[in-house]
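Below is one structure, written out as structure tokens; the observations come after it.
One-based numbering along the sequence shown. What you see is a predicted model, and the numbers here were worked out from it, not measured in a lab.
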Amino acid sequence: MPVSSSRPTPQPHWVVHMNRRNRSWSFAAIFLTLSSHVWLQQLSVWLYPALAISFLVWPQLAYLRASQSENSMHSEINNLVIDSVIFGLWIAGLGFPVWVTFILAISTSINLMVFRGPTGLFQALFALTAGIVFGGLYAGFRFLPDTHWVTTLLAITSISLYLMLVGYVSFSRNQVLYQSREQLRLTERELKQQIAENRQLQEKLQDQANRDPLTGLYNRRYLDDSLTREMARCLRQGDPLSLVLIDLDRFKSVNDDYGHNTGDEVINQLGLVLTTLSRASDIVCRFGGEEFLVVLPGTGLEAAEARAEEYRRMFESTPIPTEDNHLSVTLSAGVACSYREIAPDDLIRLADQALYQAKETGRNRVVSQAPLTDEVETV
């Protein structure tokens, strides 16, 4: 059996609820004002039921009409236009009493201008005129401008209360808008703070991913990106770039004889030496195990050899404390330098060849390869 699906009616616009309250109170005041005019001018008693329908029943019908509409705001604007027509009918029907005409014309004009600006004013005047024409054709065009002082007082009171109500509604909406803007600013501020915190966290995680957990130096992953970048930059500027590849001498025996904790201390001490003697522009990496690589942008071969000697001498003269005594460990280093375009792996391979020669010729020394220039080919 097919199941019928009915689309739920959307919730009425907040203006519909607001206008129900405003229309109910203001129309009740107009009902009293016009009823006093009918009473004091001794007009037909049949006008009272018509007044009740126009100013007591219609506000509730208007709310039901708008609240059950799929486009409640559009229906409510139409309700305001109908208000203008009703007001025009009563203005003509009562013979254009001045105060009654004034409060009805000004209130309906304000109502539509609030929501539609100048367009609303023209709509109100057009609908009001249409009501006046139809009312005059039905009841006859008469001009009875006088009102009793009681009606005049009620009219002045009604329009004053209406204007105060409009002012209060405007104040209330401004308060709501102000609170909404403040909440929006607060939310935006919190969102910006959260974005900044997330960015800092991402940067921290990225930095951690690029760091060796033991020494805090950059790792091989970071080296792969940074070396290519630095080589391209030096090539553009016409500067040399040197590498110092370092390996601890007989490190396995340190772990075997003193334990891995001491081995970690040796690695940390070497990392500290390299960081201390390096420039901010240099890139110090733990290349793997007991191997370290230092990238020296803008540094020629002689300066790179001198730096490697500084690393070697300072590390050799820095004893590592053990449980019984102090341990002295040495390092070997291979230096390679390039003034021209070369693949990063090829330059690392040259530094590794120099390091191999340092190991083979007795350790605790620095060996360098000839610098690569446009006239010198890769070995």
### side-chain hydrogen bond (donor to acceptor under 3.5 Å, both in side chains) assessment of Q60 paired with S24
CA-CA 8 Å; Q60 311 312 316; S24 297; 3.1 Å; yes
### Pair R349-D346, salt bridge (Lys or Arg N to Asp or Glu O under 4.0 Å): steps then yes or no
CA-CA 5 Å; R349 190 177 303 110; D346 290 340; 2.5 Å; yes
### Message
Does D212 form a side-chain hydrogen bond (donor to acceptor under 3.5 Å, both in side chains) with T215? I'd like the steps, not just the answer.
### Response
CA-CA 6 Å; D212 171 56; T215 62; 2.7 Å; yes
### Query
Could you go step by step and tell me if E197 and Q193 meet the side-chain contact (heavy atoms from CB on, under 4.5 Å) rule?
CA-CA 6 Å; E197 291 175 354; Q193 182 179 357; 3.3 Å; yes
### Task
Take F27 and F87 through the ring pair (Phe, Tyr, Trp, His ring centres under 6.0 Å) test and state the conclusion after the steps.
CA-CA 10 Å; F27 274 42; F87 288 1; 5.4 Å; yes
### Message
Run S242 and T299 through side-chain hydrogen bond (donor to acceptor under 3.5 Å, both in side chains) and show every step you take.
### Response
CA-CA 6 Å; S242 297; T299 304; 5.8 Å; no
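I283 and I267 sit in two unconnected hydrophobic clusters of ILVMFWY residues. Membership requires side-chain heavy atoms under 4.5 Å apart, directly or through other members. Hydrophobic clustering (side-chain heavy atoms under 4.5 Å, transitive across Ile, Leu, Val, Met, Phe, Trp, Tyr) groups F115 together with L128. Using a 4.5 Å cut-off between side-chain heavy atoms of Ile, Leu, Val, Met, Phe, Trp and Tyr, with links allowed through other members, V366 and F292 fall into the same hydrophobic cluster. With hydrophobic clusters built from ILVMFWY side chains whose heavy atoms lie under 4.5 angstrom apart, L94 does not share a cluster with V98. Note on I53: it does not cluster hydrophobically with W90, by side-chain heavy-atom contacts below 4.5 Å among ILVMFWY residues.
For the pair S69 (side chain) and S75 (backbone), a donor-acceptor distance under 3.5 Å is absent. A donor-acceptor pair under 3.5 Å links the side-chain atoms of R211 to the main chain of G216, judged by distance alone. A distance-only check finds a donor-acceptor pair linking the side chain of S67 to the backbone of L64 [under 3.5 Å]. Between the side chain of S54 and the backbone N or O of A50, at least one donor-acceptor pair lies under 3.5 Å. N174 places a side-chain N or O within donor-acceptor distance of the main-chain N or O of S170, the cut-off being under 3.5 Å. No side-chain donor-acceptor contact under 3.5 Å links S278 to the backbone of T275. Side-chain N or O atoms of D352 include none that pairs as donor or acceptor with a backbone N or O of I348 at under 3.5 Å. Side chain of R286 to main chain of G289: a donor-acceptor pair is present (N/O by atom type, distance under 3.5 Å, no hydrogens or angles).
Closest of all the heavy-atom pairs between S84 and A127 is CB-CB, 3.5 Å. A358 and A333 get closest at one heavy-atom pair: CB-O, 3.9 Å. Heavy-atom minimum distance, R142 versus G93: NH2-O, 2.5 Å. Summarising the geometry of A354 relative to G334, their closest heavy-atom pair is CB-CA, 3.6 Å, with the distance given to 0.1 Å. In plain terms, the two heavy atoms of S338 and L347 that are nearest each other are CB-CD1, 3.9 Å. Of all heavy-atom pairs between V38 and S44, the closest is CG1-O, 3.8 Å.
Side-chain atoms of E291 and I246, non-hydrogen and from C-beta on, never get closer than 4.5 Å to each other. The shortest distance between side-chain heavy atoms of L184 and S180 does not fall below 4.5 Å. Residues L186 and R189 form a side-chain contact, since some pair of their non-hydrogen atoms from C-beta on lies under 4.5 Å apart. You'll find the side chain of Y258 stays beyond 4.5 Å of the side chain of V266, heavy atoms only.
Within a 6.0 Å radius of CZ in R279, more than 12 heavy atoms belonging to other residues, nucleotides or ligands are found. For F122, the CZ atom is loosely surrounded, since the number of other residues' heavy atoms within 6.0 Å does not exceed 12. Counting heavy-atom neighbours within 6.0 Å of E309 CD, excluding the residue itself, gives a total above 12. Within 6.0 Å of the NE2 atom in H260, the count of heavy atoms belonging to other residues, nucleotides or ligands does not exceed 12. In this structure, F96 places its CZ atom where more than 12 heavy-atom neighbours from other residues, nucleotides or ligands lie under 6.0 Å away. Crowding of W58 atom CH2: a count of heavy atoms from other residues, nucleotides or ligands under 6.0 Å exceeding 12. Enclosure of atom CH2 in W25 is not indicated, since only 12 or fewer non-hydrogen atoms of other residues, nucleotides or ligands lie within 6.0 angstrom. Atom OH of Y356 is surrounded by 12 or fewer heavy atoms from other residues, nucleotides or ligands within 6.0 Å.
Using a cut-off of 4.0 Å between Lys/Arg side-chain N and Asp/Glu carboxylate O, R307 and D282 are scored as salt-bridged. Residues E316 and R313 are not paired through a salt bridge, judged by the lack of any N-O separation under 4.0 Å between the basic side chain and the carboxylate. A salt bridge between E182 and R185 is present, with a side-chain N of the basic residue lying under 4.0 Å from a carboxylate O of the acidic one.
Atom-to-atom distance recorded for T318:OG1 and Q269:CD is 5.5 Å, nearest 0.5 angstrom. With values rounded to the nearest 0.5 angstrom, E265 atom CD is found 8.5 Å from L214 atom CG.
Judged as a ring pair (Phe, Tyr, Trp, His ring centres under 6.0 Å), and not counting sequence neighbours, Y162 has no contacts. Judged as a salt bridge (charged side-chain N to carboxylate O under 4.0 Å, His left out), and not counting sequence neighbours, the contacts of R220 are D224. By the ring pair (Phe, Tyr, Trp, His ring centres under 6.0 Å) test, F126 pairs with no residue at all, sequence neighbours left out. Every salt bridge (charged side-chain N to carboxylate O under 4.0 Å, His left out) that D256 has, sequence neighbours left out, goes to K252. Residues forming a ring pair (Phe, Tyr, Trp, His ring centres under 6.0 Å) with Y63 (at least two apart in sequence, or on another chain): H17.
Results of the salt bridge (Lys or Arg N to Asp or Glu O under 4.0 Å) test with E76 over R65, R116, R23 single out R23 as the only residue that passes.
The aromatic rings of Y222 and Y218 lie parallel to each other, their planes meeting at an angle below 30°, with 60° marking the opposite boundary.
The side chain to side chain donor-acceptor pair (under 3.5 Å) pairs that include a residue from residues 327-337 are D249-T330, D249-S332, where partners are two or more places apart or lie in different chains.
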